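Working notes for the structure below.
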Amino acid sequence: MAETTPLWAVAVLPFVLVLVALGTAHFDALLAADPAANPGREVLRLLVQQRRRTNAADELLTRLGVVLLPVAAVLAAVVLPLGFRSVSDLADGIVWFNAMEALAWAAVWLAGWGPNSTLSLIGGYRFLAQGLAYELPHMLAITTAALGAESLRVGDVVDAQSGLWFAVWMPAAFVIYLLSAMGMAFWGPFDQPVGRDVAGGAAAELSGVDRIVFLGGRWLLFVVAAAVSVPLFLGGGHGPLLPGWAWTLLKTAAVLALLVWVRRRVPGVRMERYVELAWVVLTPLAILQALVVALVVLNR
Amino acid sequence: MELRARLLRTATSRPGVLLAVCPGAARARLAMERELRSRGWPQVGSPASANLLVIVGDPDPADAEWIDGLWLGIPAPKARVRVREAEDVPSALDEGRASLLVRGKRPEGDAGHVDETHGEGDNHGTTPEHAENNDTHGGHGNHGDDSDSSHHQHGEHDGHDTHDSHSGPDTHSEHDGHGGHDGHGEHDGHGGHGGHGGHGGHGGHGGHGGHGGHDMHAMSVAGLPMADRADDRDGLRLDRLHVPLGPALPDWPAGLVLRLALQGDVVQRAAVEQVPVLPSARRPFWNEPWLRASTGEAVARGLAARRLCAAHLDSLWRYLAVVGWGGAAARARAARDQALAGESSGEVLAAVRPLIRRVQRSRTLRWLTAGLGVLPSDRAASAGVSGPALVAGGDAYDRVGVWLDEVGRAAAAFDDDGWLDAATELSGPRGRVDGGVPPSRALLDVLPGLLEGAEFACARIIVASLDPDLDELVPALRPEVVHG
């Protein structure tokens, strides 16, 4: 059973996330071996840039979309335990996480729609299609983890893995979760909504601070999505010798490193092809996995 | 103030560069890409994230409207430079950065390569017909003022901001204007003369707004016409947008403009245009060895092999970037630069072999690109296509396979010291150079047919898999050069 943390943790959480996101982005730039990809420098470059607006743009919606993305990431992280303590271990934490992560749909769509520009609108469309493709198997995957622990509380899921990690006996759910973690953060092979082929897609018209907040928010969301795989499938803070928080950090870093590495090995996945895989292969697979887990739980 | 200046200096020490490459400037573009990479300056994808607009080549007119469109879309601080020759690249970039710093707030280039700046943008756009469009007009007004008021170009002045909209990445709402036109008559001719206007598409090109002005009010919002409607491929009646694609998209053939009719992100119709440029005395860079051989010059096979290898790697890196495989794209680009820098067969092969293997073995790539832009051999041949696209006789995946094979073969042949046979070996990277018609002409001819019904992302992949080289279509400046 996870304990709750003091109130100051609420204030610290965003900063921790930003730090981890910056670290991940640096690692990504390092692998790319591209001196132009330095995230710190990029942030500074954009900071001195002025904001711009587009003709007949819906300012309010654009701003809302831009700001909503990092907010959704931070809110989703509330149920994320460091070791065995999370900011708030809600009784239905898994549902909360799923709901907050789905806010990103609105965020990207609004940011893509707002500027009244074709390429950015295409980016927005693409994310909705992406949502339709990844969300179904994704929800089944996280449901499977909840099923294994017989609880929607993230703390209970961690406790249920004091022996065997869920990743070991629910491998399909784990892999599907990792795929959808990249999908929900429209990152890596799933970055078509902000793809280079649409000149930045939903982010094409964003400059200066707007751009930092939106693309930074995407990194936050990615970090949170990847980090949630640790309590759900990799035993959370459980591990020998080291304290719980250290295990959480180690495992999170390992998942992030794996995903960053994968990104360099594969081309971008277009939803028009992926949706078929997601619905015809991944969804039945996830259902089958849930069925197996359910049988095990019933016979325990 | 001191702190501000220092912050600006640090922030712009590696400015984001938006390249606007004209046809006929491949050599300068290659030098530019190499230089940007070695300096670590990011090459950005859209005006919104750029600091420095670099025009590569000889657009006609020099201050073409599509370039102004891009320029207006870039938020301050910004600067703009122009590069014609590969040799000028470093100095032009230095100048660009300097003008970002010195007049970080008022990029008013006057010397050397620094192009005329936005103050002069006024001479197009503020046409009388346009006055009805208050937003845009106001934009122009502000615009002029800025030449001595510094710093406020963006963010504060509504008028100016609205302006930007249009100038975004080449696609903007101006196309809607076409939609409007369709309503009251066929305006293809308009596309022709307004041609480049489309790309930048800022409202200032009174041309468009002007034409439609009188009967557009019925369906316009904020001075912009609404999308029209048409049946889609599934028989539904959906909104249709007219969008010019190019010429300054990332990883896009230099100078190509596609006029698309889009429904959602499905291409309904496509028409090919190109950016007008000044005639050039130079031979197209990628076809040079074979063109020289065709005029009877003795050209070493090794030299041709090197050029072929680099040309395909250049196409390959754009293709890989478009399919979203950044890691492999970077490798292809590095290998291209190695081949061009004159490294030995052994070195280039060592770089190229793992790349070829990885791309050939990627099942993901096959899964994602199989079936896109199928061009059977017979159709290709009847259209006059003669290069890899004919050899492949299939989809985008097959065409890339041919590039990979040819890259491997060419990289092994740098040391071949035989001479190109002017009778039998006149096939350049994109096809036969002795056919009277440049090989890329045929590629452009088949392009619209392949794009119809394709999704936006697929359309980009199809374009990248044909990779027409518009340098070949640059009008030749005949006279003194032939024996120059």
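All values reported here derive from a predicted model rather than from experimental measurement. Protein chains get the first letters and strands the later ones, always in sequence-line order, with residue 1 at the start of each.
- Of the inter-residue distances, the one linking Leu249(B) atom CG with Arg196(A) atom CZ reads 10.0 Å to the nearest 0.5 angstrom.
- The heavy-atom pair separating Ser46(B) from Ala199(A) by the smallest distance is CB-O, 3.6 Å.
- Under a cut-off of 6.0 angstrom, the local environment of CH2 in Trp109(A) is crowded, with over 12 non-hydrogen atoms contributed by other residues, nucleotides or ligands.
- Residue Arg265(A) touches chain B through both its backbone and its side chain, counting heavy-atom pairs closer than 4.5 Å.
- The backbone N or O of Arg263(A) sits nowhere less than 3.5 Å from a side-chain atom of Trp325(B) that would complete a donor-acceptor pair.
- Among Ala48(B), Ala457(B), Gly327(B), the residue with the largest count of heavy-atom pairs under 4.5 Å with chain A is Ala48(B).
- Side-chain contact between Ser13(B) and Arg41(A) is present, with at least one heavy-atom pair separated by less than 4.5 Å.
- Nearest heavy-atom pair, Asp197(A) versus Phe456(B), reported as atom, atom and distance to 0.1 Å: O-CE2, 3.7 Å.
- With a 4.5 angstrom heavy-atom cutoff, Trp367(B) touches chain A via backbone and side-chain atoms both.
- Around CZ of Arg366(B), the count of heavy atoms belonging to other residues, nucleotides or ligands within 6.0 Å does not exceed 12.
- For a residue to count as touching a neighbouring chain, one of its non-hydrogen atoms must lie under 4.5 Å from one of that chain's; by this rule Ile122(A) touches chain B with the side chain only.
- Evaluation of the salt bridge (charged side-chain N to carboxylate O under 4.0 Å, His left out) test over residues 316-330 of chain B, restricted to residues two or more places apart or in two chains, returns Asp314(B)-Arg318(B), Arg318(B)-Asp467(B).
- Atoms CZ and CH2, on Arg45(A) and Trp41(B) in that order, are 11.5 Å from each other to the nearest 0.5 Å.
- Side-chain N or O atoms of Thr364(B) include none that pairs as donor or acceptor with a backbone N or O of Pro267(A) at under 3.5 Å.
- Ser49(B) touches chain A through backbone and side chain together, each having a heavy atom under 4.5 Å away.
- With rounding to the nearest 0.5 angstrom, the OG1 atom of Thr10(B) is 11.5 Å from the CG atom of Leu47(A).
- Using a 4.5 Å cut-off between heavy atoms, Val269(A) contacts chain B through both its backbone and its side chain.
- One finds the CG atom of Leu245(B) at 7.0 Å from the CG atom of Leu119(A) (value rounded to the nearest 0.5 Å).
- The list of salt bridge (charged side-chain N to carboxylate O under 4.0 Å, His left out) pairs with a residue in residues 271-284 of chain A, not counting sequence neighbours, reads Arg270(A)-Glu272(A).
- In this structure, chain A has no heavy atom under 4.5 Å from any part of Leu320(B).
- Proximity to chain A involves both the backbone and the side chain of Arg14(B), based on heavy atoms less than 4.5 angstrom apart.
- The distance from atom CZ of Arg126(A) to atom CG of Asp265(B), rounded to the nearest 0.5 Å, is 6.5 Å.
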Would you be so kind as to tabulate the donor-acceptor pairs closer than 3.5 Å made by side chains of residues 177-191 of chain A, with sequence neighbours excluded?
residue, atom, partner, partner atom, Å
Tyr177(A), OH, Ala225(A), O, 2.7
Ser180(A), OG, His138(A), ND1, 2.9
Ser180(A), OG, Ile176(A), O, 3.0
Ser180(A), OG, Tyr177(A), O, 3.0

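- Under a 3.5 Å cut-off, the side chain of Arg52(A) and the backbone N or O of Gly73(B) do form a donor-acceptor pair.
- Comparing Gly208(A), Gly195(A), Gly268(A) by heavy-atom pairs within less than 4.5 Å of chain B, the highest count is held by Gly268(A).
- Only the backbone of Ala50(B) comes within contact range of chain A, judged by heavy atoms closer than 4.5 Å.
- Interface remark: Leu277(A) contributes side-chain atoms only to the contact with chain B (heavy atom separation under 4.5 Å).
- The residue among Arg264(A), Gln49(A), Glu42(A) with the most heavy atom pairs within less than 4.5 Å of chain B is Gln49(A).
- The contact list for residues 33-40 of chain B toward chain A, using heavy atoms and a distance under 4.5 Å, reads Arg37(B), Gly40(B) by residue number.
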